Amino acid sequence: MSHLLTTEDLSLTDFQKFTELASFFENHQKDSETTSGILRGKTILQLFLEDSTRTKISFELAAKRLGANVLHFSISQSSLNKGESLKDTILTLNQYHPDTWIIRAPRSGTCHLLTQWTKSPIVSAGDGQYQHPTQGLLDCWTLLNHLPSIKGKKIVLLGDILHSRVARSQIPLLNKLGAKITLCGPYTLLPKSAAEWEVHVEPVLEKAVAGADAIFCFRLQKERMTSALIPSQQEFHRIWGLTKKKHHDLCPQAWILHPGPVNWGVELGFDMEDHPKSLILEQVRRGLYMRMAVLARVLGKDPLV
Amino acid sequence: MSHLLTTEDLSLTDFQKFTELASFFENHQKDSETTSGILRGKTILQLFLEDSTRTKISFELAAKRLGANVLHFSISQSSLNKGESLKDTILTLNQYHPDTWIIRAPRSGTCHLLTQWTKSPIVSAGDGQYQHPTQGLLDCWTLLNHLPSIKGKKIVLLGDILHSRVARSQIPLLNKLGAKITLCGPYTLLPKSAAEWEVHVEPVLEKAVAGADAIFCFRLQKERMTSALIPSQQEFHRIWGLTKKKHHDLCPQAWILHPGPVNWGVELGFDMEDHPKSLILEQVRRGLYMRMAVLARVLGKDPLV
Amino acid sequence: MSHLLTTEDLSLTDFQKFTELASFFENHQKDSETTSGILRGKTILQLFLEDSTRTKISFELAAKRLGANVLHFSISQSSLNKGESLKDTILTLNQYHPDTWIIRAPRSGTCHLLTQWTKSPIVSAGDGQYQHPTQGLLDCWTLLNHLPSIKGKKIVLLGDILHSRVARSQIPLLNKLGAKITLCGPYTLLPKSAAEWEVHVEPVLEKAVAGADAIFCFRLQKERMTSALIPSQQEFHRIWGLTKKKHHDLCPQAWILHPGPVNWGVELGFDMEDHPKSLILEQVRRGLYMRMAVLARVLGKDPLV
């Protein structure tokens, strides 16, 4: 096992190993004797080229629970544009022989680029619009705890798919697990390449979610909309926002997932807070255990092997 | 023992247990074998909604001395106003099951609000103008190391009482310890509710401090003065600032305390730096041990029990 | 052993002890059992009055590898100018009894000033234009791994010597090691006091580097050039920048060092990246082990003694 840059090259066996180990860590969450020695003496370097307090804290806590030393290095893409190059930054930090890199970058492909300059494994913590593999893993794991099998189930990805690295991480896993995937959102937020993804595209929400088993919603990434892709947030919410009533009328059994933070009143109605079918907080909780599993396996320290 | 949000509901016995444990940690400050295992495997989450490097470092060091993992999460009140809600932030972080929260907030009542959304104990590290309980505890403990009993002693609280959460934390403890409390400051900086606090109010400094056993000064909180409450800092200093000469002439035996950082030349004269009756640096030092005591007890790990 | 503020008062024996211990740590880099207990229970306080992510991370990792607790405290010089004094900040932090201070300051002499206010040893991590002693130590150690003896060797210091605390840290060590030192750069960037430094001054690059055994380059500190000291960066590069061709024609055996980050195309040509005689990344790597050695010795915990 080396890098984790994308879910595309993970087999079903890989996925199962991650979920088994994540479950193990969940079951041993109060047993720090067992977990805190697993990465003792290891140095994990977090390099964040864009801000993300939530993802940072999830990975940092995962690493610390396993006993690793964590160093955090933040540098904005704008600083890299002006001064020191990304290559110099990587080559410099690489001299400290980090056992693993955790990298967050606003430009697609950054993580792959970095593999040229270090021999240590790289875990992507979000890479432009390309992939956010730990999020894809934890989302599918979360859903599997409520749908014993995803095979043949109707899974809807709803909203801004175009800019979503999370969607690009979920789809390969959902496909391997046998889901029937439907993408739904405004045409301007659906990628042209969707045809190659083995998915069904249905821009009308009422048709898309009818009878769905789960709906994966996405944050409307205001900062990534370089042009006017939707008339307004209110308009988006009216047509593609999921409300309690739409859920009740169209797909009352559907589990609801969202990578957070939610724009309440945009992707999801205010009346969806605390909804009994919402798995949003559970995703956060499972994220910790999945990231522990990823770090342990990437470092060759899976205690179940 | 659960939250520590206010000193108002602490009994004299509670106070004694905190000071005994703080003294224990002070006496064992060089004995990391004894202390560093007390909170091993525990995760403490610092959530700071306003900046405070000093308080942050004091709590962080206290937690680390006890062997805990510390995660720090800063988010400004202004970000909360614009985007993600405080509730979402808390619910998200709560998924990591912190063993304790340490919370600093600019708006009074935030800590109480948060108790609705988490089952873990919350330690207030300053809550608007409401309370800063660890500061109240450490201040009284510091003074007790110089005045064997506070009973019947004249204690003056001098300056901006209106905006001071520190004063609101000290007064309930001083009252329980039997002090005779006098508030002194400009009328505009004395709270209207002072009548309910079992204190004497005396706006004239010369009368207030005459024969005092201790004077607790407060930082002139420029950022909290929403309207022009004093003519000028110079004017304030001339009338309510404590100088070496005033101290010498009016209350030479009085111990001087201040939560820091001091505005020298405002609350205290420049000639009060290094004054032999000043306990200001001792307050900082004892703050570390008191916060260790608070964390250990809140987490149910008091080694003296 | 107490402070490390300057390389000027280090003897050759001191230097050897540092390099022996740094080599020991390099050889035991994968042996965390041996190293991670050396500073267990110690608290190291990093006080940075100017930004430096690279130096911060190098010291922080060094301290953590030795098992110490590290607290980082950043405050900008501009905040100190406006509000709380440097003295108050130091006296406050000193109450936590840090076992060692690591201090970075933009104004020459700050570290010496601080020795008045604390009894704990201070390690300078860069002090205005005065000294950056750990950089001087690691640079000489790095070179000695490629030149078995520096005695009688021609070492050129090239570029902005005037503003370089690194040069001021290297020169006393190089002199003690018996090097023949030549300073080279525009007259406006050569210090007037160079005459007292037992060095040769030669502003013409072609003459200075001819036959050199090593060239120490310096970053053109744009932020420190308070007046127009060079016509332009392009002009500087044309005359004093080291290119592959100049190196090949004038001193093909010369090792090349630079404290980083390099302004490629200014001090060094773009064609010098990945040059086989460059030791720039090795300097970064050895920096970690040298800083571990410095911290262990300053704290009286040299495992070789």
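What's counted below: heavy atoms across the whole structure, side chains too, no hydrogens, waters or symmetry copies. Source: prediction; values computed, not measured.
- Only the side chain of C:Lys87 has a heavy atom closer than 4.5 Å to any heavy atom of chain B.
- The 12-atom threshold is exceeded at NZ of B:Lys246, counting heavy atoms of other residues, nucleotides or ligands nearer than 6.0 Å.
- For chain C, the nearby part of B:Glu273 is the side chain; its heavy atoms alone come within less than 4.5 Å.
- Environment of CG in B:Asp51: sparse, with no more than 12 heavy atoms of neighbouring residues, nucleotides or ligands closer than 6.0 Å.
- For residues 52-70 of chain B, a heavy-atom distance under 4.5 Å to chain C picks out B:Thr53, B:Arg54, B:Ile57, B:Ser58, B:Glu60, B:Leu61, B:Lys64, B:Arg65, given by residue number.
- Contact of B:Gln29 with chain C is made through the side chain alone, with heavy-atom distances under 4.5 Å.
- No other option in C:Asn94, C:Thr92, C:Leu45 has as many heavy-atom pairs under 4.5 Å with chain B as C:Thr92.
- Annotation: the span from B:Arg285 atom CZ to C:His97 atom NE2 amounts to 5.5 Å, rounded to 0.5 Å.
- For a residue to count as touching a neighbouring chain, one of its non-hydrogen atoms must lie under 4.5 Å from one of that chain's; by this rule C:Ile75 does not touch chain B.
- In B:Glu33, the CD atom is not crowded: 12 or fewer heavy atoms of neighbouring residues, nucleotides or ligands sit closer than 6.0 Å.
- Contacts of C:Leu91 with chain B are made by both backbone and side-chain atoms, with heavy-atom separations under 4.5 Å.
- In the displayed structure, C:Lys17 atom NZ is contacted under 6.0 Å by at most 12 heavy atoms of other residues, nucleotides or ligands.
- The candidate from B:Ser36, B:Ser32, B:Gly287, B:Pro261 with the greatest count of non-hydrogen atom pairs under 4.5 Å with chain C is B:Pro261.
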